[in-house]
Protein chains: 2
Amino acid sequence: MTKTKLILAYIANDRARKASFKKRTKGLIKKADELCTLCDVKACAIIGNPYDNEPEVWPSNLRAQQVISEFKKLPEHVQSRNKEDNQSICQERIAKKEGKLRKQYMDNNQKELTKIMYMCLVSGAFQNLSLASSESLVFLLNQNIKDVGRRIELLQNTLFPSQDNVE
Amino acid sequence: MTKTKLILAYIANDRARKASFKKRTKGLIKKADELCTLCDVKACAIIGNPYDNEPEVWPSNLRAQQVISEFKKLPEHVQSRNKEDNQSICQERIAKKEGKLRKQYMDNNQKELTKIMYMCLVSGAFQNLSLASSESLVFLLNQNIKDVGRRIELLQNTLFPSQDNVE
DNA sequence: CCATCTATAGTTAGTTG
DNA sequence: CCAACTAACTATAGATG
């Protein structure tokens, strides 16, 4: 990331990949250290090192082992939540996410239409629109016209205030 | 970090600490994901979660276990490097770092002197300097004078070039 | 290979709804 | 509690020595 926007994909170039690995591993460990200091949590990380036989182990071999052994005690807890509960919690979450997704769809749709509208206004070419797009577009244009009307009214009130409109 | 500069210390405020924990844990996992994608490495992380019985385990419980079990196979390798080697490698590194440290000291010293020099020039008060500082200062001033001399020469050659100096 | 630099992308503390 | 926002911050790709 940076100089050029990050493309999140395997870096084919060997040099670049190695450089990235070193920098990012260092950065990751720094972040982990910060988290530990700021929030006083126990944590560990193991990062396979393609350029060395030994993986990067943080915060230290020993402490990692300790965290891991605590972690291994847990699987029972995980299963102690009964399945019904898990299912209902999941479904709740799914519903919530779906709600957000729908909202996104609508936003996207709105933006798409706005784009089409501007393109039409610039090119003057309205003939290639589908009926559905046309109808949506009419709606959008009407909305914009209303917005402009409101804006004009507001400006008139600001520039030439009457006693009714200004305190 | 941000809005206010990060103070790397335990966050006493409960709300702030929890907020920080959530944001940073998310950020950390994102970074780890990126590292995996970009460099194709195997890795795992376990982060104790003070607000939940279960720790954050990344990339998944199962994959973490796999990475850990591979990691556990390694201690032999670690020890297969004989101690002599380890020691000499360490000493090499220490020597290198010490070299850098000395360089830093010298740089610092130089900067300190430059600061003193400017303060003296501004205030005109040279009487409070130790002998050592005075000697260093004289050296520094002579260097600066030489630098200025070279600069003058360079400028003269640029402004009034003679055949000898310009191609 | 490593260190340093710089511009830009990304992260996040604090705030607000 | 969560999501969104913004203003500071930090991280890092790419270039250079």
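Only a predicted model underlies this, so the values are computations on that prediction, with no experimental measurement involved. Sequence lines set the chain letters: A, B, ... in the order given, protein chains first and strands last, and positions in each chain run from 1.
- Taking side-chain N and O atoms only, Ser20(B) has no distance below 4.0 Å to OP1 or OP2 of dT12(C).
- One atom, NZ of Lys31(A), and another, P of dG10(C), lie 14 Å apart when rounded to the nearest Å.
- One can place CG of Leu35(A) at 15 Å from C1' of dA13(C), the figure rounded to the nearest angstrom.
- Put simply, Lys22(B) has a side-chain N or O that comes within less than 4.0 Å of OP1 or OP2 on dC2(D).
- Here dA13(C) is the nucleotide among dT11(C), dC9(D), dA13(C) with the atom lying nearest to any side-chain atom of Arg24(B).
- Counting to the nearest Å, the P atom of dC1(D) and the CG atom of Asp14(B) are 10 Å from each other.
- Position along DNA chain D of the nearest nucleotide to Leu28(A) versus Arg15(B) favours Arg15(B) as the more 5'-ward residue.
- At a cut-off of 3.5 angstrom, counting only N and O atoms as typed in the model, there is a donor on one side and an acceptor on the other between the side-chain of Lys23(A) and the base of dG14(D).
- With a 4.5 Å cut-off on side-chain heavy atoms, Tyr51(B) and Arg17(B) count as touching.
- Panel note: side chain Ser69(A), backbone Gln66(A); a donor-acceptor pair is recorded below 3.5 Å.
- Within the 4.5 Å cutoff, no side-chain heavy atoms of Leu28(B) are placed close to those of Trp58(B).
- In this structure, CZ of Arg17(A) is placed 18 Å from C1' of dT12(D), rounded to the nearest angstrom.
- We find the CD1-OG1 distance between Ile11(A) and Thr37(B) to be 10.0 Å, quoted to the nearest 0.5 Å.
- Nucleotide dA11(D) holds its P atom 10 Å from the CG atom of Leu8(B), rounded to whole Å.
- Taking the charged nitrogens against the carboxylate oxygens, Lys30(A) and Asp33(A) have no contact shorter than 4.0 Å, which rules out a salt bridge.
- Nucleic acid contact for Lys26(B): none, since no nucleic acid atom lies under 4.0 Å from a heavy atom of the residue.
- Distances shown here put a side-chain N or O of Thr4(A) below 4.0 Å from the OP1 or OP2 atom of dG14(D).
- Comparing dC1(D), dC9(D), dG14(C) against the side chain of Lys3(B) picks out dG14(C) as the nearest.
- OP1 or OP2 of dC1(C) lies within a sub-4.0 Å distance of a side-chain N or O belonging to Lys18(A).
- Rounded to whole angstrom, the span from the CD1 atom of Ile7(B) across to the P atom of dT10(D) amounts to 11 Å.
- Considering only side-chain atoms of Lys30(B), the nucleotide from dC9(D), dT11(C), dT12(D) that sits closest is dT11(C).
- Among dT10(D), dT11(C), dA9(C), the nucleotide with an atom closest to any side-chain atom of Lys5(A) is dA9(C).
- The separation between Glu34(B) atom CD and dA9(C) atom P is 15 Å, rounded to whole Å.
- Regarding Ile11(A), its CD1 atom lies at a distance of 11 Å from the C1' atom of dT12(D), rounded to whole Å.
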